[in-house]
Amino acid sequence: MRPQFLLKMKHLKQQLNDGVRDALKTLSFPDKPFTISPSKNPDFGDLSTNVALILTKDLKRAPIQIAEEISGILNQQLSKHIDSISVTPPGFINFTLSPSFYQSNIQNILNAGEDFGRSSIGKGKTANVEFVSANPTGPLTVGHGRQAVLGDSVASILEWNSFNVTREYYYNDAGRQMRILGQSVEARYFEALGKEFEFPEDGYQGDYIIDIAQSIIKNYGKGLNSGDKRFRETVEIVIFSDIKNTLSELGIIHDQFSNEKSFYDNGAIDQLLSDLKAKELIYESDGATWLKTSALGKDQDRVYIKSSGEPTYRLPDTAYHRNKVERNFDEIIDIFGADHADTYPDVLAALDALDVPVDHIRVLIHQFVTLLRDGEKVKMSTRKANFVTLEDLVKEVGKDVVRYFFIMRNMSSHLDFDLDLAADQSDKNPVFYLQYAHARIANIIKHGESLGHSFSQEFDPTLISEKEEFTLIKHLMRFPELSEQLYESLEPQMLATYLQELAAHFHKFYGKCKVITDDSALTQSRLALITCAKLVLSNGLHILGISTPDRM
RNA sequence: GCCCCGGUAGCUCAGUUGGAUAGAGCAUCUGCCUUCUAAGCAGAGGGUCACAGGUUCGAAUCCUGUCCGGGGUACCA
């Protein structure tokens, strides 16, 4: 095979764009922004531009006429990669690309291999992704699962775009919740010893609290007094260990844990308060300390320190975010549930008032998970111990299903998690459709090897000619652009949708075209093609943290 | 009351920057395994894109209003 110039889709689009703009200049048409996008319908070629439609108003002429004129110019300078140009109502100009363009891109994908689709947007840059951030008051629930998987996938998307990513977990360990948690354990401790005890109002009622009380008896004996620090310390250690274990079963490992307490200890919170005071944004009222958010364009002021002397979460959260900014990440991503949607603007406003840069902070808000069991909603509360743990779910349906379930929906949509469907009909979970495509390819390659058809990288791309083959290549070639879109949106669901389509194109190809045949030249070409498909499936599933089985 | 998110096929949801005939999966029907994995493929039925206006050459997509669901509006996190 002769070496040939390998033109990527991105560059071809740029060429077309330049060509159209030259044509506009030739025709003395105004230069307005237009798009060149994949055609929805194969009848309209491979790429289409709306440039004529955009110009119709300025030129006060029918768009179809404008399109004809532009395409007339373009036709005189056809690139070798363009087979034909057509105009269709209401005024689209369609480009049909040459088969050789697609065929040659098979080599492109093979050359890039595991890096195919990777972008260099974040090369030399750092990003911090904060997610989960559940306080250690109980096991992670299915509700936390969405954020855990979402956050980890977002972090992977950034890594795929060449960022050096820190996965971070922040928790509040100085507030009221943790105090009540300690008191709950203490109560269970004395209860177990048959002594008098008082279970706190709003205490944590889960059985795990009783287990922890038992472990304290075992480790520290029966002589602890009320208020002993070890009640709280132990419960935090035990629960955190459980949380980390659950996350690791999902393939999620945080690089850094940050806690509220450290910002009291190192003076960051005092510093923040005095800096805000210097800006006259702090005042006392009704025994509490307030942040004057109304002076920062908000509806109302917010309490920073309660009259009880305990700060609200806003104060340490703001100190924490200042700390993150000071750590000089190029991008800071916060992943919060919908219940936090109203709080982060106050944090950002306070930092902005102190001239702390916040433009590189992106806050992603995801909606809640509604659990369905027997077709009915399950209300969850950690405090009332009415929840389904994430760990139980992972044990029941497996990591891959759980991960896929949580990112297959747009994060701004509510997610219905049907426990019965996930558990009983997991065979039908769409994730298997993707993995099956990967396993099928692996099997074909293996089958080929057993018959002496080892893929050699020496293949004739022009033997690729079936419609299903081109559909598959075209889809594979979209992956680099998709990767950049993933960076823009930080929406893993887009990748899930793309991979579903890719698997569908592969399964259709499989139904139509046999790979391993007596025709060894064709066999090599098709092995090249399915190797590309396997690469992209693998790269995509890897970003989502889903395994790529060779057998199913 | 006010703020945020959502409303697309019987169900769960895609739909890129506003683009051409609104798509998948599940469920319901009809075909396809002597041939690389049938966890698959081919086909059928199924729609007032919540409703009403507006902007535009063009609206599921943008704007306004109404209705419905979720969340927030705490000196809870």
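Predicted, not measured: the structure shown is a model, and the values here were computed from it. Order of the sequence lines fixes the chain letters, A, B, ..., with proteins taken first and strands second; residue numbering starts at 1 for each chain. Heavy-atom basis, side chains included; hydrogens, waters and symmetry copies ignored.
- Distances shorter than 4.0 Å separate none of the side-chain N or O atoms of A:Arg409 from OP1 or OP2 on B:rG6.
- Within 3.5 Å, no donor on the side chain of A:Thr497 pairs with an acceptor on the base of B:rA14, nor the reverse.
- Here the closest non-hydrogen pair linking A:Leu276 and A:Ala350 is CD2-O, 4.2 Å.
- For the ring pair (Phe, Tyr, Trp, His ring centres under 6.0 Å) criterion with A:Tyr170, the lone passing option out of A:Phe336, A:Tyr320, A:Tyr313 is A:Tyr320.
- Across all strands shown, A:Asn50 has heavy atoms under 4.0 Å from base atoms, whether or not it also approaches the sugar-phosphate.
- Spacing between B:rG15 and B:rC33 at atom P, rounded to whole Å, works out to 37 Å.
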(request) Any chance you could lay out the side-chain hydrogen bond (donor to acceptor under 3.5 Å, both in side chains) test for A:Gln524 and A:Ser520, step after step, and finish with the verdict? (result) CA-CA 6 Å; A:Gln524 285 300 319; A:Ser520 64; over 6 Å; no
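- Residue-to-nucleotide contacts include no donor-acceptor pair under 3.5 Å from the side chain of A:Thr137 to the base of B:rA77.
- With its glycosidic angle within 90° of 0, B:rC33 is assigned syn.
- Within the nucleic acid shown, A:Asp317 has no heavy atom closer than 4.0 Å to any nucleic acid atom.
- In this structure, the side chain of A:Asp173 engages the main chain of A:Lys261 through a donor-acceptor pair within 3.5 Å.
- Rounded to whole angstrom, the span from the CG atom of A:Asp416 across to the P atom of B:rC5 amounts to 20 Å.
- In the model, A:Asp301 has a side-chain atom that pairs as donor or acceptor with a side-chain atom of A:Tyr283 under 3.5 Å.
- Between B:rU61 and B:rU16, the distance separating the two C1' atoms is 11 Å to the nearest Å.
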Cut-off 3.5 Å, no hydrogens considered: what does the side-chain donor-acceptor table look like for residues 46-54 of chain A, sequence neighbours left out?
{"unit_1": "A:Asp46", "atom_1": "OD1", "unit_2": "A:Lys474", "atom_2": "NZ", "d": "2.8"}
{"unit_1": "A:Asp46", "atom_1": "OD2", "unit_2": "A:Leu97", "atom_2": "N", "d": "2.8"}
{"unit_1": "A:Ser48", "atom_1": "OG", "unit_2": "A:Ser39", "atom_2": "OG", "d": "2.7"}
{"unit_1": "A:Ser48", "atom_1": "OG", "unit_2": "A:Asn94", "atom_2": "OD1", "d": "2.9"}
{"unit_1": "A:Thr49", "atom_1": "OG1", "unit_2": "A:Thr35", "atom_2": "O", "d": "2.9"}
{"unit_1": "A:Thr49", "atom_1": "OG1", "unit_2": "A:Val51", "atom_2": "N", "d": "3.2"}
{"unit_1": "A:Asn50", "atom_1": "OD1", "unit_2": "A:Thr35", "atom_2": "N", "d": "2.9"}
{"unit_1": "A:Asn50", "atom_1": "OD1", "unit_2": "A:Thr35", "atom_2": "OG1", "d": "3.3"}
{"unit_1": "A:Asn50", "atom_1": "ND2", "unit_2": "A:Thr35", "atom_2": "OG1", "d": "3.3"}

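- A donor-acceptor contact under 3.5 Å is not formed by the side chain of A:Tyr436 with the base of B:rA39.
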Annotated structure of RNA chain B as dot-bracket, pair cut-off 3.5 Å, Watson-Crick or G-U only, | for inter-strand, is (((((((..((((.....[...)))).(((((.......))))).....(((((..]....))))))))))))....
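- Within 4.0 Å of A:Asp301, counting heavy atoms only, lies no atom of the nucleic acid at all.
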Which side-chain N or O atoms in residues 64-71 of chain A pair as donor and acceptor under 3.5 Å with protein atoms at least two apart or in another chain?
{"unit_1": "A:Glu69", "atom_1": "OE2", "unit_2": "A:Arg61", "atom_2": "NH1", "d": "3.3"}
{"unit_1": "A:Glu69", "atom_1": "OE2", "unit_2": "A:Arg61", "atom_2": "NH2", "d": "2.6"}
{"unit_1": "A:Ser71", "atom_1": "OG", "unit_2": "A:Glu68", "atom_2": "O", "d": "3.3"}

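- Counting non-hydrogen atoms under 4.0 angstrom, A:Pro89 reaches a base of the nucleic acid.
- Phosphate contact (OP1/OP2 of B:rC76, side-chain N/O of A:Lys306, threshold under 4.0 Å): present.
- In this structure, A:Lys508 reaches the sugar-phosphate backbone alone: every heavy-atom distance under 4.0 Å involves primed, P, OP1 or OP2 atoms, never a base.
- Summarising the geometry, the separation between CG on A:Leu472 and P on B:rG40 is reported as 18 Å, rounded to the nearest angstrom.
- Atom-to-atom, CG of A:Leu415 to P of B:rG71 comes out at 15 Å; the value is rounded to the nearest Å.
- From A:Arg146, atom CZ reaches atom CD1 of A:Ile407 across 10.5 Å, with rounding to the nearest 0.5 Å.
- For B:rC41 and B:rG25, the C1' atoms lie 15 Å apart once the distance is rounded to whole Å.
- Among the atoms of the strands shown, none is found under 4.0 Å from any heavy atom of A:Ala134.
- Using a 4.0 Å heavy-atom criterion, one finds that A:Ala288 contacts the bases of the nucleic acid, with or without backbone contacts as well.
- The residue A:Ser489 sits apart from the nucleic acid: no heavy atom pair falls under 4.0 Å.
- If you take CD of A:Gln435 and C1' of B:rA39, they are 10 Å apart, rounded to a whole angstrom.
- If you find the closest nucleotide of RNA chain B to A:Ser413 and to A:Met552, the one lying nearer the 5' end belongs to A:Ser413.
- One interatomic measurement links the two molecules: CZ of A:Arg179 to P of B:rA77, which rounds to 10 Å at whole-angstrom precision.
- For B:rC11 and B:rA20, the P atoms lie 26 Å apart once the distance is rounded to whole Å.
- Atoms CD (A:Glu468) and C1' (B:rC41) sit 11 Å apart, rounded to a whole Å.
- Each of B:rA77, B:rA14, B:rG69 was ranked by its minimum atom distance to the side chain of A:Gln493; first place goes to B:rA14.
- Of the P atoms belonging to B:rU35 and B:rU30, the separation is 25 Å, rounded to the nearest Å.
- If you check every strand for non-hydrogen atoms under 4.0 Å, A:Asp339 touches a base.
- Comparing the same atom, P, in B:rG47 and in B:rU8 gives a spacing of 14 Å after rounding to whole Å.
- Separating the OH atom of A:Tyr171 from the C1' atom of B:rC76 is a distance of 20 Å, rounded to the nearest angstrom.
- The phosphate of B:rA38 (OP1 or OP2) has a side-chain N or O of A:Tyr510 nearer than 4.0 angstrom.
- Here the side chain of A:Thr293 pairs a donor or acceptor atom with the backbone of A:Gln300 at under 3.5 angstrom.
- If you take atom C1' in B:rC13 and the same atom in B:rA22, they sit 14 Å apart, rounded to whole Å.
- Within 4.0 Å of A:His414, counting heavy atoms only, lies at least one base atom of the nucleic acid.
- Contact between the side-chain N/O atoms of A:Tyr433 and the OP1/OP2 oxygens of B:rC41 is found at a separation under 4.0 Å.
- Using a 4.0 Å heavy-atom criterion, one finds that A:Asp58 contacts no nucleic acid atom at all.
- A stacked arrangement is not assigned to A:Phe368 and the six-membered base ring of B:rG71, the conditions of a centre distance below 5.5 Å and an interplanar angle below 30° not being jointly met.
- Closest-nucleotide positions on RNA chain B for A:Lys512 and A:Pro311 were compared, and the one nearer the 5' end corresponds to A:Lys512.
- The residue A:Gln300 sits close only to the backbone: its heavy atoms come under 4.0 Å of sugar-phosphate atoms, none of a base.
- Contact of A:Ser412 with B:rC5 (side chain to base): no donor-acceptor pair of N or O atoms is detected under 3.5 Å.
- Atom-to-atom, CD1 of A:Ile54 to P of B:rG18 comes out at 10 Å; the value is rounded to the nearest Å.
- Distances from the side chain of A:Ser37 to the nucleotides B:rG19, B:rA74, B:rU17 place B:rU17 closest.
- In terms of heavy-atom proximity, A:His438 sits nearest to A:Thr548 at CE1-O, 3.3 Å.
- Within a 6.0 Å sphere centred on CZ of A:Arg21, heavy atoms belonging to other residues, nucleotides or ligands number 12 at most.
- Taking atom C1' on both nucleotides, B:rA9 is separated from B:rG46 by 6 Å, rounded to a whole Å.
- A:Ser48 comes within contact range of at least one nucleobase, with a heavy-atom separation under 4.0 Å.
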